[in-house]
Amino acid sequence: MSELKNDRFLRALLREPVDVTPVWMMRQAGRYLPEYKATRALAGDFLSLCKNRELACEVTLQPLERFDLDAAILFSDILTIPDAMDLGLYFAEGEGPKFRKVLRTAADVDALCVPNAATDLDYVMNAVTEIRSALSGRVPLIGFSGSPWTLATYMVEGGSSKDFRHVKKMMYASPEVMHQLLDKLAVSVIDYLNQQILAGAQAVQIFDTWGGVLSGEMYREFSLQYMQKIVAGLIREADGRKVPVILFTKNGGQWLEQMAATGADALGLDWTTELGDARARVGQQVALQGNMDPSVLYASPERIRSEVQNLLRSYGSGTGHIFNLGHGIHQFADPEHAKVFVDAVHEFSAQYH
């Protein structure tokens with residue numbers, strides 16, 4: 001594998017010194033870019049784009065051509081594992097992901113097979129290998145997965161949900177069934193992320209998009225416990241370097257101490273958590289990633305630059321911060337405003353290092 005020319009993202013994740021604060025954006029390869037829309041149209045649909053190694057590589061690299069980003073993230077979807085479990089994933093126009101088969105009973109969960117990531121999800125590994133080769137050491141490549149709880153919400157609800165009625169009913173009324181499902185998913189995620197690491201991913205992130213809909217007790221039992229199991233099961237060194245692990249629970253700022261105790265290297269923060277407070281609470285244990293509100297990108301360039309400065313000031317001097325948005329970039333964001341954001345991070349952060 002080629003030598004890494006820019007490793008500040010990996011160094012910041014391990015709280016090692018850096019020259020400027022590294023920056024990348026969740027969902028940086030996406031619908032806000034006209035070139036992404038063109039490639040997606042070429043692929044036919046979203047899943048076909050994910051499953052075509054050349055096109056998945058192309059869209060992964062597109063934002064790096066526009067912006068001075070410090071990391072690339074694999075272009076894929078968090079629902080690849082349930083898709084490999086034969087639940088029939090599809091994307092309804094304007095409605096997001098849906099499954100043809102849903103899990104509602106103990107028998108449904110019993111019948112669920114744990115996929116073999118190397119064979120059943122080989123298209124993801126092929127994309128990782130292709131992207132890593134195309135990057136040629138330019139920046140590190142991030143692999144990722146959904147958390148077991150987040151995957152379970154889609155599998156039980158059958159798609160996105162506002163009230164999480166079915167999955168919470170299963171959790172409260174049949175906790176043993178929910179634990180069986182989450183355990184199968186944790187085993188699957190460990191295998192999936194390890195295969196990504198073997199294929200060339202240099203850091204991995206676990207997206208716990210829906211952990212924040214739980215009470216504290218339920219979060220620890222049904223989400224955090226399984227993410228901790230995953231962290232413990234991951235390959236943590238490859239190519240002679242550590243492979244850092246980032247945990248991101250959206251709306252999870254109240255549980256940072258428990259998340260930091262999992263053994264993860266970094267925690268993602270959404271914009272509802274004060275960066276300086278988070279550093280005071282857990283900054284000795286983990287790096288922090290985040291956390292500008294993606295809606296700031298709708299503002300003027302001056303306002304964007306001012307918000308970047310505010311967040312850098314909030315974190316303060318020293319390493320251990322990876323600048324990011326607090327969630328994925330919005331599809332209606334202006335790419336020129338995203339460039340202002342990325343450039344401002346590098347421009348204003350040097351004084352803090």
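These values consider heavy atoms only, across backbone and side chains, with no hydrogens, waters or symmetry-generated copies. Sequential numbering from 1 along the given sequence is applied to the chain's residues.
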Compute whether any side-chain donor of one residue and acceptor of the other, for [X] and [Y], lie under 3.5 angstrom apart.
{"X": "H353", "Y": "S317", "answer": "no"}
{"X": "N324", "Y": "N291", "answer": "no"}
{"X": "T80", "Y": "Y123", "answer": "no"}
{"X": "Q28", "Y": "Q62", "answer": "no"}
{"X": "T249", "Y": "Y219", "answer": "yes"}
{"X": "N52", "Y": "E58", "answer": "no"}
{"X": "S147", "Y": "T150", "answer": "yes"}
{"X": "S48", "Y": "D45", "answer": "yes"}

**Asked** Stepwise, does the side-chain hydrogen bond (donor to acceptor under 3.5 Å, both in side chains) test hold for D122 with Q195?
**Response** CA-CA 9 Å; D122 61 333; Q195 288 300 325; over 6 Å; no
Where do [X] and [Y] come nearest, in terms of heavy atoms and distance?
{"X": "Q254", "Y": "E257", "result": "O-OE1, 4.3 Å"}
{"X": "S188", "Y": "I81", "result": "CB-CG2, 3.8 Å"}
{"X": "I246", "Y": "G268", "result": "CG2-N, 4.0 Å"}
{"X": "V167", "Y": "A152", "result": "CG2-O, 4.0 Å"}
{"X": "V139", "Y": "Q202", "result": "O-OE1, 4.3 Å"}

Which of parallel (below 30°), tilted (30 to 60°) and perpendicular (above 60°) describes [X] and [Y]?
{"X": "F91", "Y": "F46", "result": "perpendicular"}
{"X": "Y315", "Y": "H321", "result": "parallel"}
{"X": "F341", "Y": "F323", "result": "perpendicular"}

[atom2] on [Y] to [atom1] on [X], rounded to 0.5 Å:
{"X": "M85", "Y": "F99", "atom1": "CE", "atom2": "CZ", "answer": "10.0 Å"}
{"X": "L297", "Y": "D334", "atom1": "CG", "atom2": "CG", "answer": "9.0 Å"}
{"X": "K101", "Y": "M155", "atom1": "NZ", "atom2": "CE", "answer": "10.0 Å"}
{"X": "D270", "Y": "H327", "atom1": "CG", "atom2": "NE2", "answer": "8.5 Å"}
{"X": "D108", "Y": "L103", "atom1": "CG", "atom2": "CG", "answer": "5.5 Å"}
{"X": "R132", "Y": "E130", "atom1": "CZ", "atom2": "CD", "answer": "13.5 Å"}

**L121 with L47, same ILVMFWY side-chain cluster at under 4.5 Å** = yes
Whether [Y] and [X] form a salt bridge (side-chain N of Lys/Arg under 4.0 Å from carboxylate O of Asp/Glu) is what I want to check.
{"X": "D83", "Y": "K51", "value": "yes"}
{"X": "K242", "Y": "D265", "value": "no"}
{"X": "K250", "Y": "D208", "value": "no"}
{"X": "R241", "Y": "E237", "value": "no"}
{"X": "R305", "Y": "E347", "value": "yes"}
{"X": "D343", "Y": "K339", "value": "yes"}
{"X": "K169", "Y": "D163", "value": "no"}

Any chance the rings of [X] and [Y] have centres within less than 6.0 Å?
{"X": "Y32", "Y": "F332", "answer": "no"}
{"X": "F164", "Y": "W210", "answer": "yes"}
{"X": "H330", "Y": "Y298", "answer": "yes"}
{"X": "Y36", "Y": "F75", "answer": "yes"}

**Item:** For Q225, all residues meeting side-chain hydrogen bond (donor to acceptor under 3.5 Å, both in side chains), sequence neighbours excluded
**Value:** none
**Request:** Apply side-chain hydrogen bond (donor to acceptor under 3.5 Å, both in side chains) to K37 and list each qualifying residue two or more places apart in sequence or on a separate chain.
**Result:** none
**Request:** If a pair satisfies ring pair (Phe, Tyr, Trp, His ring centres under 6.0 Å) and one of its residues is in residues 260-283, list it, with sequence neighbours excluded.
**Result:**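 Applying ring pair (Phe, Tyr, Trp, His ring centres under 6.0 Å) to every pair that reaches into residues 260-283, excluding sequence neighbours, yields nothing.
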**Item:** Q289 vs Q205, side-chain hydrogen bond (donor to acceptor under 3.5 Å, both in side chains): CA-CA, chis, key distance, verdict
**Value:** CA-CA 11 Å; Q289 179 175 276; Q205 177 157 323; 3.0 Å; yes
**Prompt:** Do the numbers put R100 on top of the ring of Y90, so that NZ or CZ is under 6.0 Å from the six-membered ring centre and no more than 45° off the axis?
**Reply:**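 Yes; both conditions hold, so R100 lies above the ring face of Y90.
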**Request:** Decide yes or no for M25 and F67: does some side-chain heavy atom of the first lie under 4.5 Å from some side-chain heavy atom of the second?
**Result:**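 They are in side-chain contact.
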